[in-house]
Structures are given as C-alpha cells and as structure tokens.
Asker: 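If you scroll down you'll find the structure; I have some questions about it.
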4 protein chains.
Amino acid sequence: MSEQSESGENGDLRRKILDTTRHLLVREGYQNLSMRKIADAIGYSATSIYLHFDGKDALLHALIHEGMMQLHEELEEAAEYAEDPVQCLRALCRQFIDFGLANPEYYEIMFQLRPERMERYPPEKYRQARSNLDFFGRVLEEGEEQGMFGIEDAKVSASTIWASLHGTVSLLLADRVDVSIERERFIETAIRQSIQGCRRPTVSS
Amino acid sequence: MSEQSESGENGDLRRKILDTTRHLLVREGYQNLSMRKIADAIGYSATSIYLHFDGKDALLHALIHEGMMQLHEELEEAAEYAEDPVQCLRALCRQFIDFGLANPEYYEIMFQLRPERMERYPPEKYRQARSNLDFFGRVLEEGEEQGMFGIEDAKVSASTIWASLHGTVSLLLADRVDVSIERERFIETAIRQSIQGCRRPTVSS
Amino acid sequence: MSEQSESGENGDLRRKILDTTRHLLVREGYQNLSMRKIADAIGYSATSIYLHFDGKDALLHALIHEGMMQLHEELEEAAEYAEDPVQCLRALCRQFIDFGLANPEYYEIMFQLRPERMERYPPEKYRQARSNLDFFGRVLEEGEEQGMFGIEDAKVSASTIWASLHGTVSLLLADRVDVSIERERFIETAIRQSIQGCRRPTVSS
Amino acid sequence: MSEQSESGENGDLRRKILDTTRHLLVREGYQNLSMRKIADAIGYSATSIYLHFDGKDALLHALIHEGMMQLHEELEEAAEYAEDPVQCLRALCRQFIDFGLANPEYYEIMFQLRPERMERYPPEKYRQARSNLDFFGRVLEEGEEQGMFGIEDAKVSASTIWASLHGTVSLLLADRVDVSIERERFIETAIRQSIQGCRRPTVSS
DNA sequence: GATGAATGAGCGTTCATTCAT
DNA sequence: AATGAATGAACGCTCATTCAT
C-alpha cells in the first residue's frame, strides 16, 4: 500500500499484457489471438492495451523482441562453457531446441509466422534476430579451421543446421512426431545427425 | 433443368471448389482464405460449397488428403528408379523439398497448421499421411542392412530427416533464408548434410 | 402471400435501407449516421446492409444519386412551363429551394458534405450532379440574349445564383434565420434579389 | 513548483488549447478533431483540457465565440471607412467572404454546424453572434433612407444577403465551384449581384 | 443441385470522458 | 495545475454458417 517497488501489482500492466498474450498464444495460437481476448484474460478493457502498445502489431513485435533477446542470452550462455567446437555446436543445438519447446509461444511468433502476415516487423529487429544465427556460423567456422568439420561454407551450413533444428522443433510443437518415438531420443538423434552432417564425409555421397 | 449453367465441364463442382481453393491458398494464404472468396472465385454462391463439403474444415481436410496422395505418388516414383539406398534417400529428400516448394498451398495446410487448431482432422487420415514417412523409413532400414548407414533406429532417423527437410522447406517458403545464400546451394547442402548425418560416424560425437 | 408484385413487403430491403437512411440522416445528421443505427432502424442485422451495398460510402453514393436525379426532374419540370427567361429563372430558384427544404436528408449529403470526407464519390456522378447547374446557365444565357439580364458570363452568374440559393437553403435548414422573419417572406426576398442581381444595373456599383 | 514546464509563455494553457484546436480544425477538419489529438498537439495530457473546458462542446463554443468576436471586429473596421451605404455594403460583403476564406476553421464551426447537433450552444451567445448581422441591417436601412436601395425590410434583406455570402463562402471552401471559374471573378460577381439585388428594380419581377 | 437472404459473433481501433492522485 | 490509468460505447466491416425455397 505504501511503496510500490518494481514488481508490485501496480503499474506492470504492460508486463501483464505481454505475459498473458504469451499464454494465450500457446493456448490458442496466433490465429485466434485477439485484443479482446487478451483484455478479457487480464481483466481489463480492450482499450487499456492501447495505453501500452500502439496496436496488435506493436504488441507482437514487443513479444518477438523479448523472445529474440532471451534466445540470444540462452545461446550465448550455452556457447560459453563449451570446450571445443563440436561440443559447442552440440550445446547450441540443444539449447535452440530446448528454447523452442519451452517457449512455444515465442517460437510461433518468432519463427512460424509468414512475414507477409505480420506487417512491417521493423527490419532493424530482423537484423538482430538473425544475429542468433551467427552463433552457429562462428562455431562452424572455428571447427572448420581446426579440421573438425568438412563443410564448404559456414554461413550456408549454419542455415541448414538451423533449418534442421527448426524442423525438429516445429514437428514436436505440432505433435506430429510418431507417438511411438520417445521424445528425448528423437531430439538427441536430430542433434547427432545435424552435427554428423557437418563432419568430413567418409565416402563421397 | 435442361442446360447446365455455362460451364463446359459439367457437374464436377466439387473438383472446381478444390482447385480454386488451392489457387486461392497460394495467392492469399491460409489466413485470408474465406468461403465467400472461394465462392466468388468459382462463380457460385457461397451456399453451394456446403452442398459438397460440411464446412471450411472439411474442405481443407479434403485438400490435405489430396496433397498427401500427390506427395505419396511423387515419392513413390522418386524411389522407384534409385539404384542403391543412398541414391534413393537422396532422391526422396529432393522430391520432398521440390514438392513443398512447388506446392506451397498444399504444404501449408499439410504440414504447417497446428492440428489442435484445425478441428478434428480425422485420425484415420493422419495414419495415411504418415505413410509418406515410411518411404524414408524403408530406405534407411535397407541401407542399414547393407552397412551403408550407421543409424540406431530407422523409424527415428526417418523422422529426423523428415524434420530436417520440413525445416528446409519452411524456411524457404517463409523467405527466411539469408538472401546472400543461393537457393539451390542451400537445398543441396541441406540434403547432403541430411544424408551424411546418417552415415557411420568417423568419430563418436 | 401468393404473388409479390414489385412493391410488396418482400425483397425491397434495398429500398427500405435507402429510405431509412434518408430518415436517419434528417433526424440525426450525417455525422451520427452509422451502419448499426440503420440496421437497428430497419430491424435487420448490420450485415444485411452489406448484401445490398458495398459499404457505407456506396450506400451514401446511391442516395446522392437518387437526390440528384430527383432534383434534376424537378428542375426540368419547373423550367418546362415557364413563359420567359425571367419567369423560368424564378421557377428554377423556387424549385431548388423547395427541394432543399423538402428533402433535407438529400440536401445534406448532396451539397453540405466536404468532399474530403466522402471518399471517392465517382467523378462521373459529379459531372451528372453539376448538370443541375446547367439549367441555370441555360436560362441565363437565353435571357441575356433577349436583353433581359445584364450579366457578363452565364456560367459565372449561374454559380453565384446557385451560391445564393444554397446559402438560403442552408440557413433555413440550420434554423439560423431570425425567428422574427417569416419563412416565406425570406425565401421570396432571396429569390427576388437573386433575379434582380442579374438585371442590367440602373447605376454602376 | 519551481520551473513551469518548458514553454516560455507561462501559464496560459487555455490560450494554447484554443489556438491548437483552431490549427487542428483547419488541418484535419471538424470531423477528425479529437481531444486526444489536441492534447498530443499541445504536449499536455488529454485530461488537462478538462481543467479549462467542460468538454469538447464547451471548447468549441469558446472557439465559436472567439470567431464571432473577430468577425465582428473585422466587419466594424470595414464599415468604418466607407463613404456611402453602397460602398459600405460592398465592404461588408467583401470582408465577410474574406473572413470565411481566411479562417475556414472558424467558419466551419461558426456557420456550418447544425446547432441541433452541437449540444446546447448557449442562446445568449447566439444573440451575440447575430449582432454581426446587424452591420448589414444598419447599412441597408441607412441606404434605404437615402433612396439608394429598393428593399422592403432591412432585416429581411440583411438575412438574404448574408445567405448569399454564406453560400458563396461555403461553395468555395468545399471546392464545389467549377474549376474553370476564376475564384476572384466568382467572388466579385457574387458581391455585385448581392448589392444589385437590393437596388430599386428597373421592372417589377 | 443451387441459391438468395439473413445473421450472430467477432475483428482492430478510436472516442470523450472520469477518477484517484 | 496536471496527470496516468482506465473504461464503455461505438465504429465499419468480415466471417462461417443456416434456412427456406
């Protein structure tokens, strides 16, 4: 009642909106998200959202930004403690997948929206987003220099590995992986194959 | 009673609806698809669609079914002429990606819609859908038996390869691959790494 | 119940919408007109209006068109029975004012909306609208040839007379004329002065 | 407590609100005027406006009042230097039109809003507003006494002249005068005809 | 087999205004 | 004197769907 530090019930409506939107995203998906539903879920009028965000797009952009930042931090931390490029690549893959599975709401808006449907996501933010890919590019380059990989172009391979991880997360989130396959085993195999795919080939294919 | 409207190909409105919907899907995307737009595009009343389909979902289910059948045929044909498991796997990968890029309208509804949000896609159809995965499983099994691969479980690896291909197609369709990367090179690298990922590893990772 | 000639209660929803809109316009004004209010007033859902009109603009354009046609007919008829240009001009003035006062709803959307607010009124209709002005131009020209007027340019004078009549109608509709002035006398004076204004001046002013 | 925000002209927020509203009116029109836009434009919160005005209507009433005062002054000055009633009437007409064209923001709220729809514009202000009409009444009376005019009732003719001028300004502001007509010529003709309309008629009409 | 008429629910957004501080 | 937070009502419009014919 007296003071309102920084995480009191007061004032952080903006925070509440972001969190609620995240939860709704995971429960109902982007398509079924509406300003009214968000408002109802937080117990405020729809108008109130506009006090904190310029509109639906701005709200989602803010969420995407948060997701990108969080992913960035997680990848950074994962890369930090790795001893060699291979271990580092493995850690990055694992972290990316974990992030996607743990934050499906972020994942959907960050990676699964067709850009044509999310109008005008500021290009400057896209650049920042893509910086997450650089983690993979750097470690591939490094490993290549040390003769651990057999890739042609670190940038290209970073993208294909990303594609592989993205597919893995997408299928898991969509529950499209055969139920008879154990989740952890699927993930581990996907990672192993991704890394193995960068190895110097034993025979030409 | 006498004349059949003005359309030459008499009767098969159902066919027309499906085709038009496909075209609309590719032009406007799933989100902007509406029954009215379909009806306008075929020159019939919106009500007519309901004579042939129970609703929007049923219409999409039918389309998904068609897409699955077509993909099945294409994979079948691709596998047919391969000489050895590795070549066959390569052909399957290439065909899957080609299918996705050539039929973005199918691809989106087949693989990019969250099933929880597409009301009750009949499980029996899902089973059929999954049969497309068996192509990959079979060739992996075969190659494993011939000592060409070093995988633990063909079913699991089939899924991870599928994941990899799905990620590749998804990123390409969403235009999220760095523009500086040549499209064909990206695809070729993705396929090569997918196959290489199944090879017997040179060192344990 | 059996047959539905052409003015039955059935089918003429379009007509009903137009009429109701007209009434609402006069009761509440253009600013307070909304699709919902129209729908409520006719006892239909708002959606139904869109079955007959592309949108609010199209609905108003249709009304403007009707108004222009009606005014055109009335002016035409007024001009028909006049014996000489002066009588004709007088009849036209009288008819224009009568039309405005009798159809305030038409008058508002026809003449009192700032064009910037009524988006994209088709220019081809504007041309037709302006044709109403030609009645005045023609009679002024004719009278000038017969030496009855002392005007410089029929087109310019037609416009100034129109301005005069427009001001007269506007003030009356807005109830801005002093209550102590009898309505009919005001109108009569306005008309007389408008005509007198075109006479050959007695002294230069 | 110490510093007064950043604005130099301390205190007179009320003045600032009025001025800003005027500018917004001319830039965006009455329809697009909103309290929030005003607040944004002056750099204060929307709430602040309510400290100085009871609401949107009151704010507009204040503006109307100012406009009436300004018009009054201008007409007064115009009348002052005239040598005879005809010249005076001409000067008044010219000044009225000039005022309208130079202050479209004032003109719209002063003369083009239907009072019924502008809640309760205080009648005492209307009286004051009407005083502007008296300029015309007086000069007509005077001219009539001197035999220069042939009008029946100065008050009535003042109103009809006003109507004429009002129509002229309205059409010009709405850009409804044929583009082929030169603006100044249109104005001059309107004024000449207005005055000529009060002359003693050469023949009865 | 095909339609026209109709609708309830919902969309993102803006508005003038209030109230506690 | 000034504000930030909040709101209910309304806006034009689109949607998938139903029903009588």
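Naming: A, B, ... by sequence-line order, numbering from 1 per chain. In what follows, every heavy atom counts, from backbone to side chain, and hydrogens, waters and symmetry copies are set aside.
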Asker: If you assign B:M35 and D:G43 each to the DNA chain F nucleotide with the nearest heavy atom, which residue ends up on the more 5' nucleotide?
Answerer: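 In this pair, the answer is D:G43.
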Asker: Nearest whole angstrom, please: distance from the P of E:dA5 to the CD1 of C:I42.
Answerer: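 Taking CD1 of C:I42 and P of E:dA5, I get 13 Å after rounding.
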Asker: Tell me: NZ of A:K37 to P of E:dA9, nearest whole Å?
Answerer: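 Rounded to the whole Å, the gap is 14 Å.
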Asker: Could you tell me whether the side chain of A:L33 reaches within less than 4.5 Å of the side chain of A:L60, counting heavy atoms only?
Answerer: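 Yes, close enough: below the 4.5 Å cut-off.
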Asker: Quick check for you: among E:dC11, E:dT7, E:dT3, whose closest atom lies nearest to any side-chain atom of C:Y44?
Answerer: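 So the nucleotide nearest the side chain must be E:dT7.
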Asker: Without decimals, in angstroms, what is the distance between A:K56 NZ and E:dC11 P?
Answerer: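 Rounded to the whole Å, the gap is 8 Å.
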Asker: Test for a donor-acceptor pair under 3.5 Å between the base of E:dG1 and the side chain of B:S48, counting only N and O atoms.
Answerer: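 Between E:dG1 and B:S48, which were checked side chain against base, a qualifying N/O pair under 3.5 Å is absent.
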Asker: Rounded to the Å, how far apart are A:F53 CZ and F:dA5 C1'?
Answerer: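 Spelled out: CZ on A:F53 to C1' on F:dA5 is 15 Å.
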Asker: Determine the contact category for B:L33: base if any of its heavy atoms lies under 4.0 Å from a base atom, sugar-phosphate if only primed atoms, P, OP1 or OP2 are that close, otherwise nothing.
Answerer: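 Since only primed, P, OP1 and OP2 atoms lie under 4.0 Å of B:L33, the category is sugar-phosphate.
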Asker: Would you mind reading off the distance between B:H52 atom NE2 and E:dG1 atom C1', rounded to a whole angstrom?
Answerer: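 My rounded result for the distance is 7 Å.
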Asker: Would you check if C:Y106 and C:M68 make a side-chain contact, meaning some heavy-atom pair closer than 4.5 Å?
Answerer: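 No, their side chains stay 4.5 Å or more apart.
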Asker: As a check on the pairing definition, encode DNA chain F in dot-bracket form, counting Watson-Crick and G-U wobble pairs whose two distances are under 3.5 Å, and using | for partners outside this strand.
Answerer: .||||||||||||||||||||
Asker: Starting from C1' on E:dG4, measure out to CZ on C:R14 and report it in whole angstrom.
Answerer: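 Atom CZ in C:R14 sits about 16 Å away from atom C1' in E:dG4.
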Asker: For D:I49 and A:R36, take the nucleotide of DNA chain F holding the closest heavy atom to each; which residue's nucleotide lies nearer the 5' end?
Answerer: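 Looking at DNA chain F, the more 5' nearest nucleotide goes with D:I49.
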Asker: Let me know, please, whether A:Y50 or B:A46 comes out on the 5' side of the other along DNA chain E by nearest nucleotide.
Answerer: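 The residue whose closest nucleotide sits nearer the 5' end is B:A46.
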Asker: Please walk me through it: do A:R36 and A:D40 pass salt bridge (Lys or Arg N to Asp or Glu O under 4.0 Å)?
Answerer: CA-CA 6 Å; A:R36 273 177 181 75; A:D40 285 354; over 6 Å; no
Asker: Nearest-Å distance, CG (B:D40) to C1' (F:dC15)?
Answerer: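 One finds 13 Å between C1' of F:dC15 and CG of B:D40, rounded.
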Asker: Is there a donor-acceptor contact under 3.5 Å from the side chain of C:T20 to the main chain of C:K16?
Answerer: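 Checking the backbone N and O of C:K16 against the side chain of C:T20, a donor-acceptor pair under 3.5 Å is found.
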Asker: Between E:dA6, F:dA6, E:dG8, which nucleotide has the shortest distance from any of its atoms to the side chain of C:L51?
Answerer: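 Selected nucleotide (nearest to the side chain): E:dA6.
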Asker: Rounded to the nearest angstrom, tell me the gap between atom CG in B:L60 and atom P in F:dT17.
Answerer: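 Rounded to whole Å, this separation is 10 Å.
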Asker: Does the Lys NZ or Arg CZ of D:K56 fall within the cation-pi geometry relative to D:Y30 - under 6.0 Å from the ring centre and within 45° of the axis?
Answerer: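 Yes, a cation-pi geometry.
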Asker: Under the salt bridge (Lys or Arg N to Asp or Glu O under 4.0 Å) test against B:E66, which residue among B:R22, B:R15, B:R14 passes?
Answerer: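 Exactly one candidate clears the test, B:R15.
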Asker: Please classify the nucleic acid contact of B:S34 as base, sugar-phosphate, or nothing, using heavy-atom distances under 4.0 Å.
Answerer: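 The answer is sugar-phosphate, as B:S34 gets under 4.0 Å only of primed atoms, P, OP1 or OP2.
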Asker: Do B:L63 and B:L25 have side chains that approach each other closer than 4.5 Å (heavy atoms only, starting at C-beta)?
Answerer: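 In contact.
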Asker: Between E:dT7, F:dC13, F:dT7, which nucleotide has the shortest distance from any of its atoms to the side chain of C:S45?
Answerer: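 Per side-chain heavy atoms of C:S45, the pick is E:dT7.
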